[in-house]
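Since the structure comes first, as C-alpha cells, the remarks are kept for the end.
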Amino acid sequence: MDKTGTLVGLLLERIESGEYPAGEAVPSERQLGEELGLSRTTIRRAIDDLVQRGRLQRQPGRGTYVTGGSALAEVVTGAQRIVSVIIPTFSNPYYGEMVNGIEKEARRYNLRVMVGQSEYSTASESSQVGQSAADPTVCGALVVPNSVEQSSSGVQQFIAAGKPLVYIGRWPRGVNCDGVCVDYRIAAHQAVEHLIGLGHQRIAYVEGLPHLPGFSPYDGYADVLRERKLAIKPELVRSYDLPSEAAGQHSVADLVSSGAEFTAIFARNDVTAMGVIQGLRQAGLRVPQDVSVVSIANSLWSRSLDPPLTSVNPHPGAVGQLAMRMLCDRLEGTYTGPAIRTTVTPDLIVRASTAEPS
C-alpha cells in the first residue's frame with residue numbers, strides 16, 4: 001500500500017479506537033509529520049481523503065476535527081468563515097478563471113469566497129480591503145494589487161488586524177506577505193520566439209489600458225528581438241490609453257495607414273487580440289495567411305475565436321488555487337515562516353492564428 005493509503009488506515013484506527021475522539025481536533029499536519037516522518041504532502045492527501053469520506057472536517061483558523069460530538073458542533077454552528085478576494089475587473093475572463101480556482105480550493109476548507117472588483121483603482125482596493133479588516137467574519141484576503149509602489153492603507157489595516165493576506169500577480173514594495181505571480185517576461189519570450197521560429201521578423205507589439213507594472217510583456221518582446229539581433233522598430237510598437245479591445249482595433253488601423261510593414265502581431269492579452277483580429281478583417285487582411293496573431297491569457301475567448309488564437313497559458317486557475325492554499329496554510333498554522341513568493345511558469349498553446357509568413 002502507498003504511504004497515503006497507509007496513513008489513512010492509521011488515522012481511521014485512531015478515530016475508531018477513540019484516540020482521536022469525536023468532536024476533537026486531530027494533530028496538525030506539522031505534528032503528524034514530526035511524529036510519523038512523513039511529508040506534509042502525504043499527510044494532506046490522507047486528511048483530504050478522510051474529509052471526503054466525512055470522517056474529518058477542516059475549520060480554518062482552528063484545525064481539523066473528527067466529525068460528531070459537541071466540540072465540533074460548536075465550531076460548525078458558528079458563522080462560516082469568509083475570504084475576501086479583490087480582482088481588478090469582472091469583465092476579463094482571465095480573472096473569472098482565477099476566481100474559479102480560488103473557489104474550488106476554498107470549498108476544500110469550508111470557506112466562503114466574497115469577490116469584489118477594484119476597477120483598477122488603488123483607492124477602491126484600499127477601501128474594500130479596509131472594510132474586510134474590520135469584518136469579524138472575514139478571516140483572510142487574496143488581492144490582485146493595482147500598484148507595486150506601495151501597499152494600500154487598507155492592506156496595511158488588514159495585516160495590522162492579524163489577518164493573513166496573499167498578493168496575486170505582483171507584490172507591492174514594503175509589505176511582508178505571501179504572493180503568487182506569473183512570469184510575464186517568460187510568457188512574452190515564448191510568444192515572440194514562436195513567431196520568429198515560424199519565420200517572422202517584422203513583429204508588431206500592441207497593448208491598451210490598463211498600463212500596470214508587472215503586467216506588460218513589452219520587456220520580454222524587446223529581449224527576444226535583441227537576442228535574435230532583430231531591430232526594435234518604434235513604428236511597430238503600439239501602446240494606447242484605450243480599453244484593450246479598442247486598442248487592438250486602433251493599432252491595426254494605425255499600422256496599416258502608416259504603411260508599416262509587419263507579418264505578425266503580438267497582443268498583450270486575448271481581449272486585445274480580439275480587437276486586433278477585428279481590425280485585420282476590417283482592413284481586408286486574413287489571419288494567419290496575411291498576418292499571424294499571438295497573445296497571452298489562453299482564456300475561453302482564445303479557444304472560441306475564428307481562427308482559434310495561439311496564446312500563452314498563464315494558468316490563472318492554478319494561480320488562484322495556489323494562492324488560496326498558501327492562505328489556508330497561514331490560517332491553519334501549518335506554515336508560520338517567512339513570506340513566500342512563488343512564480344508560476346506559463347506555457348505556449350499553439351492554435352490556428354499563427355503560421356509561416358506568406
Side-chain angles (χ1 to χ4, degrees), residues 58-62 75-76 78-148 150-172 174-182 210 212 214-215 316-336 339-342 344:
R58 283 190 170 95
Q59 292 297 321
R62 303 184 187 230
V75 173
V76 172
Q80 188 179 25
R81 309 299 294 281
I82 296 171
V83 171
S84 175
V85 178
I86 307 299
I87 58 175
T89 177
F90 291 141
S91 63
N92 190 329
Y94 174 86
Y95 294 111
E97 293 186 39
M98 179 184 290
V99 170
N100 185 48
I102 290 169
E103 200 275 333
K104 281 182 179 177
E105 194 69 17
R107 286 203 304 267
R108 296 180 57 236
Y109 293 89
N110 194 32
L111 290 165
R112 188 159 61 88
V113 173
M114 176 176 66
V115 185
Q117 62 175 341
S118 65
E119 297 181 300
Y120 298 102
S121 163
T122 300
S124 175
E125 169 199 312
S126 180
S127 174
Q128 293 181 68
V129 179
Q131 290 173 18
S132 293
D135 186 338
T137 66
V138 175
C139 60
L142 304 177
V143 178
V144 180
N146 293 292
S147 170
V148 296
Q150 62 181 13
S151 61
S152 67
S153 59
V155 166
Q156 293 170 14
Q157 292 171 32
F158 198 90
I159 294 172
K163 298 181 180 184
L165 180 145
V166 176
Y167 275 125
I168 303 177
R170 52 200 176 273
W171 30 81
V175 61
N176 187 34
C177 64
D178 299 327
V180 185
C181 77
V182 176
L212 297 175
F215 268 61
V319 168
Q321 283 187 284
L322 180 55
M324 178 58 83
R325 197 171 303 142
M326 293 169 73
L327 184 69
C328 289
D329 281 346
R330 293 290 186 183
L331 288 170
E332 295 198 328
T334 53
Y335 180 74
T336 57
I340 296 174
R341 303 288 171 83
T342 300
V344 175

Practice item. From the options D329, V180, D178, select the one residue that forms a side chain to side chain contact (heavy atoms under 4.5 Å, CB included) with I340. Key: D178

Review point. Among all residues two or more places apart in sequence or in another chain, which pass the side chain to side chain donor-acceptor pair (under 3.5 Å) test with E119?
Key: none

Point to revise | Heavy-atom closest contact (I168 atom, P145 atom, distance) | key: O-CD, 3.3 Å

Point to revise | Residue pair V129 / S84, side-chain heavy-atom distance below 4.5 Å | key: no

**Study point:** By side chain to side chain contact (heavy atoms under 4.5 Å, CB included) - contacts of S153 (at least two apart)
**Key:** S126, Q157

Check your understanding: Taking only residues two or more places apart in sequence or in another chain, which ones pass side chain to side chain contact (heavy atoms under 4.5 Å, CB included) with C181?
Key -> W171, T343

Check your understanding: How many angstroms lie between atom CD1 of I86 and atom CE of M114, to the nearest 0.5 angstrom?
Key -> 7.0 Å

Exercise for review: Quick one: closest heavy-atom pair of S151 and Q156, and the distance?
Suggested key: OG-NE2, 3.2 Å

Practice item. Under the side chain to side chain donor-acceptor pair (under 3.5 Å) rule, collect the residues that match up with Q128, sequence neighbours excluded. Key: S124

Point to revise | Expected output: side-chain Q117 to main-chain F90 donor-acceptor under 3.5 Å | key: yes

Exercise for review: Mind listing the closest non-hydrogen atom pair of P164 and L331 along with its distance?
Suggested key: CG-CD2, 3.7 Å

Check your understanding: Excluding sequence neighbours, so at least two apart, what forms side chain to side chain donor-acceptor pair (under 3.5 Å) with T342?
Key -> none

Study note, to complete from the structure: Residues at least two apart in sequence or cross-chain that pass side chain to side chain donor-acceptor pair (under 3.5 Å) with N92, listed by chain then number, are none

**Study point:** Minimal non-hydrogen separation, N176 against R341, with atom names
**Key:** CA-NH2, 4.5 Å

Check your understanding: For V155 and Y167, what are the C-alpha separation, side-chain angles and deciding distance, and is it a side chain to side chain contact (heavy atoms under 4.5 Å, CB included)?
Key -> CA-CA 10 Å; V155 166; Y167 275 125; 3.3 Å; yes

Point to revise | Sequence neighbours excluded, every pair satisfying salt bridge (Lys or Arg N to Asp or Glu O under 4.0 Å) that has a member inside residues 128-141 | key: none

Point to revise | Gap between atom OH of Y95 and atom OG1 of T89 - 0.5 Å precision | key: 8.5 Å

Review point. Going from CG on L111 to CD1 on I102, what distance comes out if it is rounded to the nearest 0.5 angstrom?
Key: 12.0 Å

Point to revise | Close side-chain approach of M98 and V144, heavy atoms under 4.5 Å | key: yes

Review point. Given side chains that start at C-beta, do those of C139 and V83 come closer than 4.5 Å, heavy atoms only?
Key: yes

**Study point:** Contacts of type side chain to side chain contact (heavy atoms under 4.5 Å, CB included), residue E105, not counting sequence neighbours
**Key:** R108, Y109, Q321, M324, R325

Study note, to complete from the structure: Heavy-atom nearest pair, N146 first then P88, reads OD1-CB, 4.4 Å

Exercise for review: Check whether any side-chain N or O of K163 sits under 3.5 Å from a backbone N or O of S132 as a donor-acceptor pair, and report yes or no.
Suggested key: yes

Check your understanding: Tell me the salt bridge (Lys or Arg N to Asp or Glu O under 4.0 Å) pairs involving residues 94-103, sequence neighbours left out?
Key -> E97-R303, E103-R107

